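All heavy atoms count here, side chains included; hydrogens, waters and symmetry mates do not. Within every chain, numbering begins at 1; the chains are lettered A, B, ... in the order of the sequence lines, protein sequences first and strands thereafter. No experiment lies behind these values; they were computed from the predicted model shown.
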There are 2 protein chains.
Amino acid sequence: MGTGTRRLRADAEQNTARILEAAAKVLAADPSASLERIGEAAGLTRATVHRRFASRQALLEALAAQLNQRYVDGLERSCVDNPSPREVLLRFTEAVFELKTTHLFAMELVGTDCATGLSPEVVAGIERIFARLRAAGEITETGDRWCRRVYLALLHEVHLLPGDAAELRKRSRAELVVGSVLGALGGMPGQG
Amino acid sequence: MGTGTRRLRADAEQNTARILEAAAKVLAADPSASLERIGEAAGLTRATVHRRFASRQALLEALAAQLNQRYVDGLERSCVDNPSPREVLLRFTEAVFELKTTHLFAMELVGTDCATGLSPEVVAGIERIFARLRAAGEITETGDRWCRRVYLALLHEVHLLPGDAAELRKRSRAELVVGSVLGALGGMPGQG
DNA sequence: AGGAAGTGCGACAGCCGTGTATCACTTAAT
DNA sequence: ATTAAGTGATACACGGCTGTCGCACTTCCT
């Protein structure tokens, strides 16, 4: 997937970005929205969408690839300064919350597993966090896949939680996620 | 929604059941499967599907209604003999696992909330279980909606877990769900 | 300024799902 | 056994989305 295709003109490249952005927004509201609607939301024509992405499938894959890239960015940014594993999880959770607002559709598209489109690199990164949590005694569960799935599931549920929910009065959304996950995986969520 | 429509012939009634059953199976594999495929799976023609259900929408609603009924059945059966709240949750979880095998599509259709089609009766039933768990000191979280969502989310994740996963070596799927949920909601999951 | 790249517009063909209707035939009900 | 109900088969109209043209026009690049 390198820069094998000869480079696009500057405005054209910008338009592909617009399309991806518009697709993320429109598909989040309606997963079966037509390319027409996506193009419209991008201020472009359906024909142009087809010029950038040969098929609907190609557009979806590009969307998934973009999401995976954001995931690895989030993972890297969560690890700078070598904080405690719990702090890493907290930072990463906040990063994913931001992704939920812009890439909600793509996240449901790639799911929570390699088999469904989530990058192996991302999977490994998340599981590494839980390995560190385990080494630090924050959790007792030993299944990497299980830890990751519980985490992503609870993260998603918190995202669906209304902003004024009682659970969020004293702690942030990320803190609620981390506390719940550690509790679910056999830790002492109350300590901080 | 009573028996307002004059009663069908016996075989016709049986066919509606076949259609619902086939729809549950086919749509679980492909949520956007056509009525043609559903009818085929039921051993019937698309025309007959349309005779029983005026529109695709109507079929989906019937599917959701059937699921809600199974939910309340499961709730009732979980409460006979007045067992401990934890035991109630365990029984109900097992009932839902069975539903996952037959009504997977419908469950994702109705979601985890009244707003999306889950019956208020079912919501109240589930939240009642958690109120009892709270009264018994098994959990500390106080938000009914939050408890319910965490529960259904983790239940779903366990269902997705491969049957030979390490987490299931010493405890059943339902026990894994209950343990994880109680931990996530501020309890001591290790106790039996 | 000149040429190339990109876009808008419109049109077309193809496909698939939905919903309705008709008619001959089979089946349950009493 | 007779009657009404239900079904299969087939056809049709309708609408929507996809993918691909061609052509005139605008925009960037150098």
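- In this entry the distance linking CZ of A:Arg56 with C1' of D:dT20 reads 18 Å, nearest Å.
- Following rounding to the nearest Å, B:Glu36 (CD) and D:dA11 (P) show an atom-to-atom distance of 14 Å.
- Following chains of ILVMFWY side-chain contacts shorter than 4.5 Å, one cannot reach B:Leu118 starting from B:Leu109, and the two form parts of different hydrophobic clusters.
- Cation-pi geometry between A:Arg173 and A:Phe97 is satisfied (NZ or CZ under 6.0 Å from the ring centre, within 45° of the ring normal).
- Using a 4.0 Å heavy-atom criterion, one finds that A:Gly39 contacts no nucleic acid atom at all.
- For B:Ala54 and B:Ala10, each mapped to the nucleotide of DNA chain C holding its nearest heavy atom, the one lying further toward the 5' end belongs to B:Ala54.
- A:Leu152 and A:Phe105 end up in different hydrophobic clusters when Ile, Leu, Val, Met, Phe, Trp and Tyr side chains are linked at under 4.5 Å.
- A:Arg52 comes within contact range of the sugar-phosphate backbone alone, with a heavy-atom separation under 4.0 Å but no base atom that close.
- When DNA chain C is scanned 5' to 3' for any atom under 4.0 Å from a heavy atom of chain B, the first and last hits are C:dG17 to C:dA29.
- Counting to the nearest Å, the P atom of D:dT27 and the CD atom of A:Gln14 are 14 Å from each other.
- With rounding to whole Å, A:Leu60 atom CG is found 14 Å from D:dT18 atom C1'.
- The separation between A:Asp11 atom CG and D:dC29 atom P is 7 Å, rounded to whole Å.
- No more than 12 heavy-atom neighbours from other residues, nucleotides or ligands sit within 6.0 angstrom of CZ on B:Arg37.
- Separating the NE2 atom of B:His50 from the P atom of D:dG8 is a distance of 14 Å, rounded to the nearest angstrom.
- Between B:Glu87 and B:Arg91 there is a salt bridge, since a side-chain N of the basic residue sits under 4.0 Å from a carboxylate O of the acidic one.
- A chain of hydrophobic side-chain contacts below 4.5 Å, direct or via other Ile, Leu, Val, Met, Phe, Trp or Tyr residues, connects A:Leu161 to A:Leu155.
- Ranked by how close their nearest DNA chain D nucleotide is to the 5' end, A:Ser32 and A:Arg51 are led by A:Ser32.
- Summarising the geometry, the separation between CZ on B:Arg9 and C1' on D:dA5 is reported as 5 Å, rounded to the nearest angstrom.
- Among the nucleotides D:dG19, D:dA11, D:dT7, the one closest to any side-chain atom of B:Arg46 is D:dA11.
- Whole-Å rounding puts the B:Arg18 CZ to D:dG8 P distance at 11 Å.
- Side-chain atoms of A:Asn15 do not come within 3.5 Å of backbone N or O of A:Gly43 as any donor-acceptor pair.
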